[in-house]
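Only one structure is covered here, and it is reproduced in the block below.
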Amino acid sequence: MGSKDVRVKDDGQDAGLKRRLAAARFEARLALFAEQALPLLILPLSLLSLFLSAAWFGLYAVLPDWLRWAAVFALTFAFLASLLPFRTLRWPSLAEADHRLETQNRLPHQAISAQDDAPVTDTPFARALWERHRARLQAVIGELEAGGPRPDVSRFDPSGLRVVPALVFTIALGFSFSGAAGRISDAFRNHSAGSETAGLRIDVWVSPPSYTGKPSITLAEGTKSPPVPQFSEVSVRLSGGTETAPVLFIPATGGAAIALKPQAPAKGEAVALEAQSYRLKLETDGALSVGDRNYPLTLIPDEAPKIAFDGKPRRTVNGALEIKFKASDDYGLKSARADIVPLDQPPQALPLFPLPDYPLDLPKGQGRELKGMSSRNLTEHPLAGKRVRISLLAEDGAGQTARSAPIDMVLPARSFGNPLAAAVAEERQIFSLDVRDLQKAIDYNDAITLRGDEAIPKPTHYLLIKSARARMALAANEADLKDTAAYLWEIAIGIDGGDVSVAEKKVRDAQKSLADALKRNAPDKEIQALMDELRKAMKEYMAALAKRMQGMKPNMQAEAKNVIRQQDLERMLDQLENMARSGNKDAAQEMLNQMQRLMNNLQAGNPQQRPPSPADEKARKLADQLG
C-alpha cells in the first residue's frame, strides 16, 4: 500500500474524524516546534536579562564611557550571535505530528497515519478489505491529546547556569521600582563628558496643597505624570556625585525658562555633593529639566470660589443680624465673611471704630457645595440702625476670592424700651460715626439734660449722663473717645436693660473668646478655662433673665417666646465641653455657633416693653424733639 495511490472516499463519519485529526495535528506540530525553539531561547534571554539587570542596577551610569560601550557591544554581539541557531528551525511535518499523536495516545497499527493511506490496487476486493481495515482503526481513535512541549533543556545546559541570569533579573526587576534604580537609557548615554547627571541621585516629587487633600506624587523621567492641582509644589533633591546639575522649569506657554536656586548651597566642589533641595510653586503647565533629564507636568486648574445670599438677611429677636448663604469651590472654602459698608456716611467722615467684623460660619463636611447660616449681634456697633450695603466675600485655600451681589438694608439695632436710653445711645452714635461731630454730641447731651427733672426720673441717670459729657469735653485722643463711647453704651444699657444686658454681653464675649481658641487649636487647659468662664457668664445671664421674668405680669410671661430652660443650656455646655476635650474641635465650633444662634433668637421679655404710660409718652416726645 502507498499514500500516493487511489484513496478511499470519505463518508460522514470520516468527515467528523477528519476535523478532529486536523485540530490534534496542529497542536502536535505546535508542541514539536516549541520543543525545538525553547532550548534555543535560553542563551538570548539570558543575555537580555543580564543587559537589563545591569541597567536597573545602575552599572552603566557609573562605568567609564569606554568600558560601558565595550560591555554594551559585547552583550549586543553575543545576543545577535545567539540568534543564529534559529535558522535551523523548521515547521514539523505531518508524519511527525501523526507519530507524536500515536505515541502520546498509545494508538496501535499507526491508526492516524493509516487514515490517509490507500490500497495499491484498485479492485473491488482490495477496496472492501481496505475500508474494513480503516473502519476498525477509526474505532480505536478516540479523544486525541497532543501533550505539552517537552524540550530537552538539560542537553543544552547540563550545569543549570540558566538559573543565574533568571535570579539576577528577578532581583533587578524589584530594584527597578526604587528611586535609586538606573535606567535602560544609561547604556547609550555619555556620562563622563556630555551628561551633567552622572553619579547623581535625583528625586523629584510633587506635593499638592494641603487644602486639596491629595497625596504627593513621585515623578519618573520622561513619564507623563498624572495631572496635579494648580499651585502644587514641585521638589527636587540632588545627592551623590561630584557635580551638580541645573534645575529649570520650562513653561508650556513658551516663556522663558525659570532657573531654580538651591535652598542650601553646596559646601565644596569636586567632592561628594551635599544634598541640595529645590522647590517651585506650579502655576502653569510645563516641564522640569534636571540636567539632561525631563519631567513633564500637567496641572488641574484651581477654580475660583462662588458665594451668594440664600435669601435676604434678617433681624433676630434680640437684634442680631442673621445671614444665610450658599457657596461652592473645587476644594472647599478657607474662609468667608460679610463685608458691611455704610451708605449714608460722607466720604470725608472720620469714624471712631472700624467697620463691623462679620465672619461666616462655614459648615464642616459638606464637600464642594455648601449652605450655611451665621448670626452675629452687631447692635453695639455705631452703624446699627443705619443703612448699609452687605456683600459676601469668600476665599479658598489658594487665596482666590469671590464677592456676591450686594444687598442694601438697615443694619439691625437694639430696640430700646426706654426713650432716655435710646437718646444716650444716639448721642454715642453721633461722634462714633464721625469724630468731627463731637461738639454736636456734646450739644445733644446738653439738650438731654436741659430739663432733667422732667425727662430723667432717676438722679443717678442724670449724673451719669453729665459725667459722660465731661468725658467728651476732656477727651484728648482717640483712646479717650473710645472709652467715652463704651461708657455711654453702658449707661444706655443700664437705663434700658439693667443686669440682663450686661450679662448678655459677658456671654457674647466668653463665646467669642472660646471660638477664637477653638480656631487656633488652643491647648486643653486654656479651653477648659474658657469653658468655665462661659459657664459662669451663662449662669449670670440665666439668673438675670429669671429675675426679669419675675417682674413681668402673668400675661406677659405667657406671651414670651423661644423660652429656654437652665438645664437645656447646661446640657449644651456639657456637650460642647466633651467635644472640645475629645479633640473634635470642628464639632465643638459648630455647637458653639448653634448656641450663639439660639441666644440671638431668645426672647425672655422686657418689663420696660409694656404699654407706654403717659409719663413714657411725654419722655418719648421730648426725646423726639431733642433728636
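Keep in mind that what you see is a predicted model, and the values were worked out from it rather than measured. Just so you know, residue 1 is the first one in the sequence shown, and it goes up from there.
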Using the ring of Y278 (Phe, Tyr or Trp, six-membered ring only), decide whether R237 places NZ or CZ under 6.0 Å from its centre and within 45 degrees of its axis.
no

Taking all non-hydrogen atoms of both residues into account, name the closest pair between V206 and S232 and its distance.
CG1-CB, 3.7 Å

L321/Y358 under side chain to side chain contact (heavy atoms under 4.5 Å, CB included): CA gap, chis, key distance, verdict
CA-CA 9 Å; L321 176 63; Y358 197 113; 3.9 Å; yes

Salt bridge flag under 4.0 Å for residues R314 and E322:
yes

More than 12 heavy atoms of other residues, nucleotides or ligands under 6.0 Å from NZ of K466: is that the case?
yes

Closest non-hydrogen contact found for P363 with F325 is CD-CZ, 4.5 Å

Near K482 NZ, under 6.0 Å, is it more than 12 heavy atoms from other residues, nucleotides or ligands?
yes

Does Y331 use its side chain to pair, donor to acceptor, with the backbone of A398 at less than 3.5 Å?
no

Closest heavy-atom pair and its distance - S328, L333
O-CD2, 4.3 Å

What is the distance from atom CG of L481 to atom CG of D483, rounded to the nearest 0.5 Å?
9.0 Å

Would a 4.5 Å heavy-atom cut-off, applied to side chains only, mark V236 and V290 as touching?
yes

For L352 and E478, the nearest pair of non-hydrogen atoms, with its separation, is CD1-CG, 3.6 Å

Would you call R376-D361 a salt bridge at under 4.0 Å N-O?
yes

Does H381 use its side chain to pair, donor to acceptor, with the backbone of A413 at less than 3.5 Å?
no

Q230 (side chain) donor-acceptor with L299 (main chain) under 3.5 angstrom
no

Going through the checks in order, is the side chain to side chain contact (heavy atoms under 4.5 Å, CB included) test met by L464 and Y487?
CA-CA 9 Å; L464 289 172; Y487 183 61; 3.4 Å; yes

So how far is it from F416 CZ to E426 CD, rounded to the nearest 0.5 Å?
10.5 Å

Distance, nearest 0.5 Å, that separates CG of L260 from CG of L288:
6.5 Å

Any side-chain heavy atom of R389 within less than 4.5 Å of one from M409?
no

Cation-pi check, R428 to F431: give yes when NZ or CZ is under 6.0 Å from the six-membered ring centre and within 45° of the ring axis, no otherwise.
no

With no hydrogens and no angle check, is any side-chain donor or acceptor of D434 less than 3.5 Å from a backbone partner on D437?
no

Nearest heavy-atom approach of I340 to P356 is O-CD, 4.0 Å

Donor-acceptor pair between S289 and Y295 side chains, under 3.5 angstrom
no

Identify which one of I465, D496, I491 satisfies the side chain to side chain contact (heavy atoms under 4.5 Å, CB included) criterion when paired with L420.
I465

Looking only at atom types and distance, does a side-chain atom of Q345 sit under 3.5 Å from a main-chain N or O of L433, one as donor and one as acceptor?
yes

Check whether any side-chain heavy atom of I307 lies under 4.5 Å from a side-chain heavy atom of L360, and answer yes or no.
yes

Pairwise distance CD1(I390) to CZ(F309) - rounded to 0.5 angstrom
6.0 Å

Between D396 and T401, is there a donor-acceptor pair closer than 3.5 Å when you use the side chain of the first and the backbone of the second?
no

Counting C-beta onward and ignoring hydrogens, is there a side-chain heavy-atom pair between M472 and Q439 closer than 4.5 Å?
no

Can you measure from CG (L378) to CG (L383) and round to the nearest 0.5 angstrom?
9.5 Å

N-O pairing of D446 and R469 below 4.0 Å:
yes

Verify whether one side chain among S415 and R315 offers a donor that lies under 3.5 Å from an acceptor in the other.
yes

Determine yes or no for a side-chain-to-main-chain donor-acceptor pair under 3.5 angstrom, with D480 supplying the side chain and A476 the backbone.
yes

Set out, in order, the CA-CA distance, both residues' side-chain angles and the distance that settles side chain to side chain contact (heavy atoms under 4.5 Å, CB included) for K386 and L411, then state yes or no.
CA-CA 6 Å; K386 298 294 183 180; L411 193 65; 5.8 Å; no

Can you tell if the side chain of D330 reaches within under 4.5 Å of the side chain of E303, non-hydrogen atoms only?
yes

Could you tell me whether the side chain of I300 reaches within less than 4.5 Å of the side chain of V228, counting heavy atoms only?
no

Is a side-chain donor or acceptor of S432 paired with a backbone partner of Q429 at a separation under 3.5 angstrom?
no

Lys/Arg N to Asp/Glu carboxylate O, K536 vs D532, below 4.0 Å
no

Expected output: side-chain T212 to main-chain P208 donor-acceptor under 3.5 Å
no

Quick check: do E233 and K281 have side-chain heavy atoms less than 4.5 Å from each other?
no

Flag, side chain of R387 to backbone of P342, donor-acceptor distance under 3.5 Å
no

Please evaluate residues V388 and V410 with respect to the criterion side chain to side chain contact (heavy atoms under 4.5 Å, CB included), reporting the C-alpha separation (whole Å), side-chain torsions for both, the decisive distance (0.1 Å), and the verdict.
CA-CA 6 Å; V388 295; V410 175; over 6 Å; no

Considering all heavy atoms, the nearest P313-I407 contact
CD-CD1, 3.8 Å

Would you mind checking if R403 and D339 are paired as a salt bridge, meaning a charged N to carboxylate O distance below 4.0 Å?
yes

Rounded distance [0.5 Å steps], CD1 in I493 versus OG1 in T379
7.0 Å

Regarding D302 and Y211, do their side chains bring together a donor and an acceptor under 3.5 Å, going by distance alone?
yes

State, with a plain yes or no, whether a side-chain heavy atom of T284 is found less than 4.5 Å away from one of F249.
yes

